[in-house]
Amino acid sequence: MKKYLVQNNPFVVPTTDGKLIEEHHGLIATQNNDISIAHMVAPPKWSEPFQTPQFEEYTYIISGKKQFIIEGEVVILEAGQSIKIEKNTRVQYSNPFDEPCEYIAICKPAFSIEKVNREA
């Protein structure tokens with residue numbers, strides 16, 4: 001049995017807001033509950049509702065900028081920067097800028113819609 005897995009076919013999560021989500025490892029792509037790794041592209045003027053996830057989330061910005069509102073504080077990251085957000089932290093992710101934002105998101109344990117706790 002091989003002790004590695006090369007991911008050539010990430011699961012592309014269907015979205016209605018123009019955001020690209022390619023899950024390379026995680027609950028859907030590889031049935032991994034421990035961690036998820038996804039390549040994302042947020043289009044200009046994109047945003048999500050506030051949420052309080054039950055997982056840590058790490059984000060690394062490849063290109064563009066991404067805005068985070070974390071417990072009321074606005075944080076803007078640019079290419080080459082990264083952030084770790086602790087679980088059970090209220091956060092909103094957005095790209096209010098004019099250019100797409102490409103980034104990698106890592107969630108530990110793996111992202112699941114049941115554990116993201118998005119606000120209405």
Side-chain angles (χ1 to χ4, degrees):
M1 179 177 207
K2 290 184 181 182
K3 297 197 180 208
Y4 64 90
L5 170 65
V6 175
Q7 176 58 281
N8 292 314
N9 297 301
F11 177 76
V12 178
V13 177
T15 64
T16 58
D17 60 2
K19 184 178 178 185
L20 172 67
I21 305 172
E22 296 175 325
E23 184 183 86
H24 283 258
H25 298 277
L27 288 175
I28 298 172
T30 55
Q31 295 72 55
N32 187 334
N33 294 317
D34 298 326
I35 194 168
S36 59
I37 301 173
H39 170 247
M40 314 258 211
V41 180
K45 310 304 179 194
W46 165 89
S47 70
E48 285 184 335
F50 278 91
Q51 55 195 343
T52 306
Q54 297 173 13
F55 46 79
E56 296 174 345
E57 185 157 358
Y58 301 78
T59 302
Y60 173 77
I61 308 299
I62 297 168
S63 65
K65 295 189 283 188
K66 187 174 179 188
Q67 177 175 287
F68 305 75
I69 301 176
I70 306 165
E71 303 281 330
E73 180 180 351
V74 176
V75 176
I76 297 171
L77 293 187
E78 299 181 4
Q81 293 183 306
S82 64
I83 192 168
K84 174 191 177 189
I85 301 174
E86 296 290 339
K87 65 182 176 178
N88 302 316
T89 300
R90 186 171 186 261
V91 61
Q92 182 200 39
Y93 302 103
S94 67
N95 177 10
F97 309 105
D98 293 328
E99 300 295 323
C101 178
E102 182 178 11
Y103 59 100
I104 301 294
I106 300 170
C107 300
K108 188 175 177 184
F111 176 93
S112 79
I113 200 69
E114 295 80 23
K115 292 183 178 179
V116 75
N117 300 315
R118 286 198 177 119
E119 297 176 14

Side chains of [X] and [Y]: closer than 4.5 Å at any heavy-atom pair?
X	Y	result
Gln7	Ile37	no
Gln54	Lys87	no
His39	Leu20	yes
Val12	Ile21	no
Glu56	Glu86	yes
Thr89	Glu71	yes
Phe50	Ser47	no

Check whether [X] reaches the backbone of [Y] with its side chain - one donor and one acceptor, N or O, closer than 3.5 Å.
X	Y	result
Glu99	Cys101	no
Gln92	Glu48	yes
Asn95	Trp46	no
Lys65	Leu77	no

Which heavy atom of [X] sits nearest to which heavy atom of [Y], and what is that distance?
X	Y	result
His24	Ala29	O-CB, 3.7 Å
Pro109	Lys115	CG-NZ, 4.5 Å
Val41	Pro100	CG1-CB, 4.1 Å
Ala110	Gly26	CB-CA, 4.5 Å
Ala42	Lys19	CA-CG, 4.3 Å

Roughly how far, to the nearest 0.5 Å, is the [atom2] atom of [Y] from the [atom1] atom of [X]?
X	Y	atom1	atom2	result
Asn33	Lys108	CG	NZ	13.0 Å
Ile28	Ile113	CD1	CD1	9.0 Å
Tyr58	Ile85	OH	CD1	11.0 Å
Phe55	Asn88	CZ	CG	10.0 Å
Gln51	Arg90	CD	CZ	10.5 Å
Ser94	Lys45	OG	NZ	10.0 Å

What about [X] and [Y], same hydrophobic cluster or not, with Ile/Leu/Val/Met/Phe/Trp/Tyr joined at side-chain heavy-atom distances under 4.5 Å?
X	Y	value
Val116	Val13	no
Ile61	Ile70	yes
Ile76	Ile62	no
Ile104	Ile83	no

_Residue among Gln81, Lys66, Lys84 satisfying side chain to side chain contact (heavy atoms under 4.5 Å, CB included) with Thr59_ =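 Of all the options given, the one that passes is Lys66.
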_side-chain hydrogen bond (donor to acceptor under 3.5 Å, both in side chains) partners of Glu57, counting only residues at least two apart_ =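 Glu57 satisfies side-chain hydrogen bond (donor to acceptor under 3.5 Å, both in side chains) with Tyr93 only.
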